[in-house]
Amino acid sequence: MKGLYTLLICLVILALHAAAVGGALPAGILPPEEPVDNPATTAKVELGRKLYFDKRLSVDDTVSCATCHEPEKGFADGKKVAEGIGGKKGTRNSPTTLNAAFLELQFWDGRAVTLEEQAKGPLINPVEMGMPSHEALEKKLRDIPEYRKGFKKTFGTESFTIDHVAKAIAAFERTLVSASSPFDRFIAGDKGAISDDAKAGWVLFNGKARCATCHGFISVYPFFTNNKFHNIGVAMKDANFEKLAREAQKGTATPEELAFREGVAELGRFIVTREPKDIGAFKTPGLRNVALTAPYMHDGSEPTLEAVIDFYDKGGVLNPNLDGGMVPLNLLKKEKSQLVEFMKALTSDDIAQLIKSSQGGGR
Ligand code: HEC
Ligand code: HEC
């Protein structure tokens, strides 16, 4: 009897915890790991939320993190490549921030390890939020009374730095989690949770279509990514990679700078590792809620999920570094649509609630 009570209490605690961290996670999935020096508190998450949606974090008060990672657009922006201050175009497609907390590395080329590190980039990027320096942003925010109050309450200091800003934003992003979709109910045993076509798509995904070799589903890490980098040929559509790689090798530009240089950005993981095998290799994106975030690929070059499947059906784009796992698939028309149906079954049931709660409403 005592054991039963303990179990019940544990379940209640777990449920309360789940309620506090945004969307729902299936049993057995722990919330994202947080760095030891940045434990979440309610005040910190609230501060991070405010910062995430605040356009004053950009040089001309027009762009916030949410401009490119908008809750209503699947926490992405629906654009081919990102557009920052003054409509300036970046080099890559905005990935979703939903479940980014579970990724081993951040950015398409993995150049940041933690969310804290990631968050510092866009703030001073000339085509994103355009602040001249982190110091300039610190000064701007310290002049806003509500932030002085918020940082004091959260970190115990009014002379906060960029590290505090990044910590608060990252703590908020760790609440942007959700892994409860019709597919998850299906996996948990509810055979009617997804359509027969989606079920056939799931079989193809793991078999004939070979998707699972990179986007594999693991019950303890159900995010459909191996967190590795592959050249599937997206970048190889039109570029002279030898010339670009030589350009990247020269000089002292950082990966962050190279990632925003037109053309060079297409080298992908290479700009971080400088290893020829990584030319044109990009991070395998997770596939949860993927139906909400068209267009696709690191350059937004595929407009729909149907187009993505056609791309894979052809075996990607042939090039010297093409991943060995990429071969023509000879999928039937029906099989292509079944794969799309499967991916649509990965949209979270609680997405509407999550959009609301991420914006600070609905609780
Ligand atoms: C102008 C649009 C824009 C703004 C503003 C912006 N981002 Fe991004 N974000 C992007 C793009 C584009 C990438 C991918 C860049 C790359 O891989 O080189 C990205 C990548 C990310 C990633 C990595 C996700 C992954 O799957 O690897 C996270 C997390 C993220 N942004 C959070 C933020 C936060 C937090 C802010 C505000 C401080 C912010 N972004 C501001 C466009 C933007
Ligand atoms: C060899 C590894 C590999 C295989 C096999 C593979 N993918 Fe991918 N997938 C990737 C990588 C890497 C990217 C990003 C490539 C880029 O943008 O350059 C990607 C991108 C995607 C995207 C775009 C997601 C987004 O947010 O932009 C979708 C959708 C996708 N894959 C689905 C599939 C499906 C369905 C299959 C099977 C037909 C499949 N993948 C097979 C590695 C793979």
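Counting starts at 1 for both ligands and their atoms, following the listed order. Atom set for the values below is all heavy atoms of this structure, side chains included, hydrogens, waters and symmetry mates excluded. Owing to the predicted nature of the structure, the values given are computational and were not obtained by experimental measurement. Residue numbers run from 1 in the order of the sequence given.
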For ligand 2, which atoms have a heavy atom of T213 less than 4.0 angstrom away? 5 (C)
E116 side chain to Q106 side chain, donor-acceptor N/O pair below 3.5 angstrom: no
Parallel, tilted or perpendicular: which fits the ring planes of F224 and F205, with parallel below 30° and perpendicular above 60°? perpendicular
Can you label the angle between the F183 ring and the F186 ring as parallel, tilted or perpendicular, going by 30° and 60°? tilted
Among T157, L47, I169, N38, which residue satisfies the side chain to side chain contact (heavy atoms under 4.5 Å, CB included) criterion with H164? T157
Looking at K336 and E306, does any basic side-chain N land under 4.0 Å from a carboxylate oxygen? no
What atoms of ligand 2 come within less than 4.0 Å of a heavy atom belonging to Y296? 23 (C), 25 (C), 27 (O)
Donor-acceptor side-chain pairing of N289 and T347 below 3.5 angstrom: no
Mind checking whether K228 has a heavy atom under 4.0 Å from ligand 2? no
With a 4.0 Å cut-off on heavy atoms, is N231 touching ligand 2? no
Please round to the nearest 0.5 Å and tell me the distance separating atom CZ of R92 and atom CZ of F260. 7.5 Å
At a 4.0 Å cut-off, with the gap strictly under it, does some heavy atom of E173 reach an atom of ligand 1? yes
Yes or no: does A235 have any heavy atom under 4.0 Å from an atom of ligand 2? no
Protein contact to atom 38 (C) of ligand 2 [nearest heavy atom, distance to 0.1 Å]: C211 SG, 2.7 Å
Heavy-atom proximity to atom 36 (C) of ligand 1, picking from A66, G90, C65, points to C65
For A209, the ligand 2 atoms with a heavy-atom partner under 4.0 Å come out as 37 (C), 38 (C)
Could you check whether any heavy atom of N93 sits closer than 4.0 Å to an atom of ligand 1, since that is the contact criterion I want to use? yes
Ligand 1-proximal atoms of H298, by part, heavy-atom distance under 4.0 Å: neither
Cation over ring face, R49 and Y52, 6.0 Å, 45°: no
At what distance is the nearest protein heavy atom to atom 25 (C) of ligand 1, and which residue and atom is it? K283 NZ, 3.5 Å
Restricting to N, O or S atoms of H69, which is nearest to atom 8 (Fe) of ligand 1? NE2
Please work out whether any backbone atom (N, CA, C, O) or any side-chain heavy atom from C-beta onward of A112 is under 4.0 Å from ligand 1, and answer side chain, backbone, both or neither. neither
Please report, to 10°, the angle around atom 8 (Fe) of ligand 2 from atom NE2 (H215) across to atom OH (Y312). 170°
In ligand 1, the atoms that come under 4.0 Å of a heavy atom of V63 are 5 (C)
How long is the straight-line distance from CG of L267 back to CD of Q249, given to the nearest 0.5 Å? 9.0 Å
If the cut-off is 4.0 Å to any non-hydrogen atom of R210, which atoms of ligand 2 fall inside it? 5 (C)
For F282, counting its heavy atoms only, list the atoms of ligand 2 lying under 4.0 Å from any of them. 12 (C), 16 (C), 18 (O)
Using heavy atoms and a threshold below 4.0 Å, how should the contact between I232 and ligand 2 be classified: side chain, backbone, both, or neither? side chain
For atom 26 (O) of ligand 1, which protein heavy atom lies nearest, and how many Å away is it? L103 CD1, 3.3 Å
Contact between ligand 1 and A265 is defined here as a heavy atom of the residue under 4.0 Å from a ligand atom; is it met? no
D197 versus S195, side-chain donor and acceptor atoms under 3.5 Å: no
Which of the atoms in ligand 2, numbered in the order shown and given with their element, are less than 4.0 Å from a heavy-atom of I309? 35 (C)
Shortest protein contact, atom 3 (C) of ligand 2 (heavy atom only): C214 SG, 2.7 Å
Within the 4.0 Å heavy-atom shell around S94, which atoms of ligand 1 are there? 10 (C), 11 (C), 12 (C), 42 (C)
Taking heavy atoms and a distance under 4.0 Å, where does T96 meet ligand 2: side chain, backbone, both or neither? neither
C68 N/O/S atom closer than 2.8 Å to atom 8 (Fe) of ligand 1: no
With a 3.5 Å cut-off and no angle check, do the side chains of N319 and N231 form a donor-acceptor pair? yes
Nearest to atom 42 (C) of ligand 1 by heavy atom, K89, Q118, E128, R92: which? E128
Side chains of L30 and L25: closer than 4.5 Å at any heavy-atom pair? no
Judged by modelled atom types alone, do N99 and S178 share a side-chain donor-acceptor pair under 3.5 Å? no
Numbered atoms of ligand 2 (with element) below 4.0 Å of V308, judged on heavy atoms: 28 (C), 29 (C), 30 (C)
Counting heavy atoms under 4.0 Å, the part of T67 that contacts ligand 1 is neither
Considering heavy atoms of the protein only, find what lies nearest to atom 41 (C) of ligand 1 and give residue, atom and distance to 0.1 Å. P122 CB, 3.4 Å
Below 3.5 Å, N or O to N or O, backbone or side chain included: is there any such pair between M326 and ligand 2? no
Between E335 and K208 (salt bridge meaning N to carboxylate O under 4.0 Å), is one present in this structure? yes
Please find out if atom 8 (Fe) of ligand 2 and some N, O or S atom of T284 are separated by less than 2.8 Å. no
